[in-house]
Structures are given as C-alpha cells and as structure tokens.
Number of protein chains: 2
Amino acid sequence: MTTKDPRAAGLARLAALAADETRAACLLALLDGRAWTAGELARHAGVAASTLSEHLGKLVTGGLLAEERQGRHRYVRLADARVAQLVEDLAAQVAPGAAERPRTLRQAGAGSAMARGRTCYDHLAGRLGIAVTDAFTARGLLLQETGFALTDAGLRWFGAAGIGLDRRGRRPLARACLDWTERRPHLAGVAGAALCRHALETGWCVRIGSERAVKVTEAGERALSELLGIDAEALR
Amino acid sequence: MTTKDPRAAGLARLAALAADETRAACLLALLDGRAWTAGELARHAGVAASTLSEHLGKLVTGGLLAEERQGRHRYVRLADARVAQLVEDLAAQVAPGAAERPRTLRQAGAGSAMARGRTCYDHLAGRLGIAVTDAFTARGLLLQETGFALTDAGLRWFGAAGIGLDRRGRRPLARACLDWTERRPHLAGVAGAALCRHALETGWCVRIGSERAVKVTEAGERALSELLGIDAEALR
DNA sequence: CGGACGCTTCGGCCCTCACCGAAGCGTCCG
DNA sequence: CGGACGCTTCGGTGAGGGCCGAAGCGTCCG
C-alpha cells in the first residue's frame with residue numbers, strides 16, 4: 001500500500017478546488033442556486049477579472065460548476081445538487097468555529113433578512129425553512145427523530161397540495177441540510193426543492209432584490225397557515 | 001460585499017487540509033475508525049516520518065484529527081463522526097470519476113475481502129453493509145424510498161436484539177453513507193454504529209488481519225439469518 | 001462602424017508549502 | 001546504563017499556484 005493511491009489523489013484534487021479563498025467565496029455565493037456572471041463573481045470576491053477567469057476554469061474543469069455562455073457573458077452555476085450538498089456540508093463544518101456578527105447597519109439589515117428566509121441552493125432556509133420543517137414534523141409528515149424521511153402522510157400532503165415530486169433519479173426525496181444561521185436541520189432534497197419552486201411560482205414567497213433572501217407574501221402567509229398551520233409570527 | 005468573507009476563509013482553510021495527497025491518504029486510511037500511529041501512516045503514505053509529523057500537526061490543529069500519546073507512540077484518529085462523514089462525502093464525490101481496478105493478485109485478494117465486508121469509520125460497509133441495509137428495508141425497519149430513517153418497527157428491532165441506541169447528542173439515529181464499491185447507500189449514524197459495535201463484540205464479525213476488512217463468522221451467519229433473514233450466500 | 005464592455009490569455013512576480021535529511025529528545029528494553 | 005526506536009524540530013530546496021496588468025478577441029449598442 002506504499003504505492004500512490006488514486007483515491008487519495010482524487011480527494012486531494014477535489015479539495016484543492018475549494019482550498020482557495022477566492023474560489024471558496026464563489027462556491028458560497030453560488031449556493032443561492034442561481035447563475036452568476038464571471039464579472040459579478042469577480043466583484044463579489046474582490047479580485048481582477050483575469051484572476052477570476054482562471055478560477056472559473058478550474059472549477060468548471062473540476063466538475064463543480066456548469067457554465068453557459070450567452071453573448072459576451074459567461075454564466076456559471078453549481079453543477080448539480082450533489083455539488084451543492086457538498087459545499088453545504090463543508091460550510092456547515094466551518095460554521096461552528098466562526099460565529100459571525102454583522103458590522104454595519106446595512107449588513108445587519110441584509111443579515112436579518114437572510115436570517116428570516118433565504119434559498120439554500122434550491123430549497124428554503126433560514127427561519128422560514130426551519131418553520132416549514134418543524135411544521136412538517138409536528139403534523140407527522142416528516143420523521144426527524146429516527147433519521148430524515150417523509151412519511152406516507154407526507155407524500156399524500158404533497159399530492160393534495162398539487163406539488164409534484166420527481167421520483168426518478170438517485171437524488172433522495174428528503175434530506176437534512178444544516179442551516180448556518182439556525183444551526184438546525186431543514187428540509188432539502190427533491191421535496192425541499194419542489195416546495196421551494198412551488199412557493200416561488202405561486203407567489204407564496206418573492207426574492208428580495210438580487211440577493212438570495214426571500215420574503216413571505218400575504219398570500220404565502222395564508223397558504224402556510226392553512227396547509228401547515230404555521231403562525232405568521234414565527235416567520236418574523 | 002467586496003470585503004473579505006470569513007466564511008470563505010474558513011471554508012478554504014478546511015478544504016486546504018484535505019487538498020494535499022499525503023494528508024488525503026491519511027484521512028482515507030483513518031476512515032476505518034481506528035487509531036493509527038504516526039509511523040504507520042508515514043509508511044502507508046510513503047513519505048518520511050518528519051514530513052508526516054508536520055501533516056499530523058496541521059490536521060490536529062485544524063480539528064480533523066484527535067490525538068492520543070502513549071509512550072513513544074502518537075496515535076491519531078478522526079476527531080468525530082462529523083469529520084468522518086465529511087471525508088466519506090468527499091470520497092464519494094470522487095469515486096464516480098475514478099473507477100479503480102486492483103493491479104496485483106494480492107491486491108485483488110485484499111480488494112475482494114474489502115468488497116465483501118469492511119468498516120467505514122464506525123459502521124459496516126461493503127456487500128455486508130448493503131445486505132444488512134437491504135434486509136432492514138425489506139422488513140419495514142428502515143425507510144429508504146422517502147429519505148433515510150428508522151421506522152417504529154426498526155426502533156423495536158434494536159430493543160428486541162438488545163442493542164442499545166444512544167439518543168442523546170445531535171448525531172442522527174440513521175443516516176445514509178454512500179458505499180464506494182457498491183455505489184449504494186448503507187446504514188450509518190448512531191444505529192449503524194451500534195449495530196457494527198454489537199456485531200464485533202458478540203463475534204458476528206471479526207476483523208481480518210490489521211486491515212479494515214471484516215469477515216462474517218458462522219455464528220454471525222446464523223444470527224443475521226435469524227434476526228434479519230439474510231441469506232449467507234448474499235455475503236459471499 | 002466605432003467605441004464600450006465582458007471575458008480570456010500571457011508574462012512575470014512573489015509567497016506558500018511539501019519534501020527531505022540531520023540532529024535532538026523522550027521512551028522502551030535488554 | 002546504553003542502544004534501539006518513535007517522533008519532532010529545523011534549515012534548505014524546489015515546485016506550484018494565486019495575483020496583477022497589458023493586450024487581444026468577440027459581443028453589444030448607439
């Protein structure tokens with residue numbers, strides 16, 4: 001076993017992609033699930049466009065990002081849900097060590113909007129995500145004590161609400177994602193993504209500005225109250 | 001947002017720990033859940049003892065490893081189940097790209113023993129792990145279709161088998177771990193760990209040599225057949 | 001059609017870090 | 001007590017890689 005281990009080489013190569021602060025900042029930014037242009041990411045990370053271009057090359061070649069060229073823009077996004085989960089897991093491992101507090105008032109405002117509700121790749125997070133997850137659990141739609149899975153009643157709930165669940169593919173139907181503001185697991189996976197998509201499509205939630213923060217509308221409050229018994233106060 | 005993001009810095013620092021091939025080899029080796037001495041790891045990775053000593057320093061400081069000094073030996077192991085899961089997840093992400101085939105006959109032999117059954121940190125993996133997980137699922141003890149969680153019947157099964165489950169702490173009771181030889185999820189988490197510990201303590205399984213491979217004993221075949229209806233042939 | 005814009009390539013700079021061997025320290029054992 | 005052994009510290013070396021600005025290329029728009 002003294003010979004080179006291909007698994008170790010692969011692991012090191014993968015980890016190296018996230019082992020640079022600029023690339024890490026890109027990955028975290030892309031956790032909002034949307035596509036960013038190279039320029040946006042360069043400004044976000046605070047480096048020259050040329051530098052960021054090289055970073056994107058590595059991330060795309062490494063399979064972490066998917067790219068899409070449109071005109072003079074280069075859009076990138078996380079390659080798939082698997083990558084998103086990996087980045088989430090790494091970020092969650094980091095969080096316990098680095099408790100963060102916002103500095104300026106503006107950041108505090110943005111921070112609290114993010115803490116109220118946001119998207120985490122393709123599902124809901126923040127207090128909103130927690131409230132939904134807790135409501136699912138309290139109503140017997142979701143098991144959390146013995147793992148993380150939808151119950152039969154949970155499956156029926158999605159059917160009754162008219163939210164389709166794509167059960168092809170190997171992505172788990174329900175999976176826990178650790179929330180970095182709440183430090184608690186919330187609903188991710190196919191079910192979490194479907195719920196988030198439905199919430200944005202039907203107007204239960206709207207995105208705030210160009211950030212990943214989301215806000216529950218009045219219609220959303222009514223729907224969440226009726227379907228899941230969520231008190232609007234819990235979302236404030 | 002052009003200022004430095006502490007979360008990105010933390011993520012990069014964490015990833016950098018795994019971004020070196022020698023350290024990656026150590027992390028993978030330690031996935032067997034046992035404690036290795038610095039010398040063993042140095043020989044395994046094929047570097048000088050002095051080099052490996054520095055790597056261990058970084059991994060311990062970074063919180064990935066826990067160390068224990070005994071006489072002139074320095075034993076290290078993965079810090080906790082959280083770290084183990086992270087390494088597993090990273091390794092699983094790598095596996096699809098690098099299909100590996102054993103080179104020599106000896107490696108083939110060791111490889112097939114590993115494929116039959118092994119430990120993955122603190123739970124069972126390989127065909128053995130898959131067989132157990134499938135048996136749990138088939139008997140309604142474990143949900144896999146809608147997530148990954150023990151059912152009430154599953155909880156009762158552990159009670160009836162006299163296998164205690166420590167439900168304090170935040171570690172999930174049941175969780176999926178992707179097997180890199182079988183490419184399928186198997187039972188990990190508190191339940192997976194308890195089952196593996198029980199199997200080794202009662203002699204259902206024994207470790208083969210000093211490797212992480214395990215072998216099912218005759219008593220183990222009887223027990224697995226009686227308690228879970230597992231056909232001994234499925235373990236070959 | 002020409003200028004603004006977004007991205008990429010290239011050359012060069014500098015810092016980081018993995019590696020080794022030699023030397024030193026503590027532990028174990030004959 | 002002395003030698004073997006395991007680990008660590010230190011100095012030196014070399015490769016890798018992140019960064020920038022300048023220059024080039026394609027796209028968009030007035």
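Quick note on labels: first sequence line is chain A, next is B, and so on, each numbered from 1.
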Sorted by chain and residue number, the side chain to side chain donor-acceptor pair (under 3.5 Å) partners of B/Arg168 (sequence neighbours excluded) come out as B/Asp166
How long is the gap from CG on B/Leu11 to CG on B/Asp5, to the nearest 0.5 Å?
9.5 Å
Could A/Arg69 and A/Glu67 be called an ion pair, given the rule that one side-chain N must be under 4.0 Å from one carboxylate O?
yes
Would A/Asp122 and A/Arg34 pass as an ion pair if we require N to O under 4.0 Å?
no
Per the under-4.0 Å heavy-atom filter, residues of residues 10-19 of chain A near DNA chain C come out as none
Is there side-chain contact between B/Leu124 and B/Leu187, with at least one heavy-atom pair below 4.5 Å?
no
Name the nucleic acid region contacted by B/Ala38, choosing base, sugar-phosphate or nothing; use a 4.0 angstrom heavy-atom cut-off, strictly under.
sugar-phosphate
Return a single string for nucleotides 22-30 of chain D, one symbol per nucleotide in 5' to 3' order, where B is base contact, S is sugar-phosphate-only contact and - is none, cutoff 4.0 angstrom on heavy atoms.
B---BBS--
Report the distance from atom CG of B/Asp20 to atom P of C/dT16, rounded to the nearest whole Å.
17 Å
Give B/Ala48 one of three labels, base, sugar-phosphate or nothing, depending on what nucleic acid heavy atoms sit under 4.0 Å from its own.
sugar-phosphate
Is the phosphate of C/dT8, meaning OP1 or OP2, less than 4.0 Å from a side-chain N or O of A/Arg74?
yes
Within this structure, what is the CD-to-P distance between A/Glu21 and D/dG17, rounded to whole angstrom?
18 Å
Measuring from the side chain of B/Arg23 (C-beta onward, heavy atoms only), which nucleotide among C/dA18, C/dC20, C/dT8 has the closest atom?
C/dA18
Any chance the side chains of B/Arg207 and B/Thr119 put a donor and an acceptor closer than 3.5 Å?
yes
To the nearest 0.5 Å, atom CZ of A/Arg13 lies from atom NZ of A/Lys58 at 13.5 Å
Show every donor-acceptor pair shorter than 3.5 Å between a side-chain atom in residues 192-206 of chain B and any protein atom, with sequence neighbours excluded, or say none if there are none.
residue  : atom : partner  : partner atom : Å
B/Thr202 : OG1  : B/His198 : O            : 2.8
B/Thr202 : OG1  : B/Trp204 : NE1          : 3.3

Please report the shortest heavy-atom distance between A/Ala42 and A/Ala49, naming the atom on each side.
CB-CA, 4.2 Å
Between B/Thr61 (side chain) and B/Gly57 (backbone), is there a donor-acceptor pair under 3.5 Å?
yes
Taking NE2 from B/His73 and P from D/dT8, how many angstroms apart are they, rounded to a whole number?
12 Å
Expressed as a whole number of angstroms, how long is the span from A/Tyr75:OH to C/dG6:P?
11 Å
Nucleic acid contacts - residues 54-68 of chain A versus DNA chain C, non-hydrogen atoms under 4.0 Å:
A/Glu54
Rounded to the nearest 0.5 angstrom, the CH2-CG distance for B/Trp36 and B/Leu65 is 12.5 Å
With a 4.0 Å cut-off on N to O distance, would you call B/Glu68 and B/Arg77 a salt bridge?
yes
Given atom CG of B/Leu52 and atom P of D/dC7, what is their separation to the nearest angstrom?
9 Å
Bracket notation of DNA chain C in which parentheses pair within the strand, [ ] cross earlier pairs, and | pairs with another strand (Watson-Crick or G-U, under 3.5 Å):
||||||||||||||||||||||||||||||
Lys/Arg N to Asp/Glu carboxylate O, A/Asp80 vs A/Arg82, below 4.0 Å
no
If only side-chain N and O atoms of B/Arg69 are considered, is one of them under 4.0 Å from the OP1 or OP2 phosphate oxygen of D/dG6?
no
Give me the atom names and distance for the closest heavy-atom approach of B/Arg74 to B/Ser53.
NH1-O, 3.8 Å
Please confirm whether the shortest side-chain N or O distance from A/Thr51 to OP1 or OP2 of D/dC19 is below 4.0 Å.
no
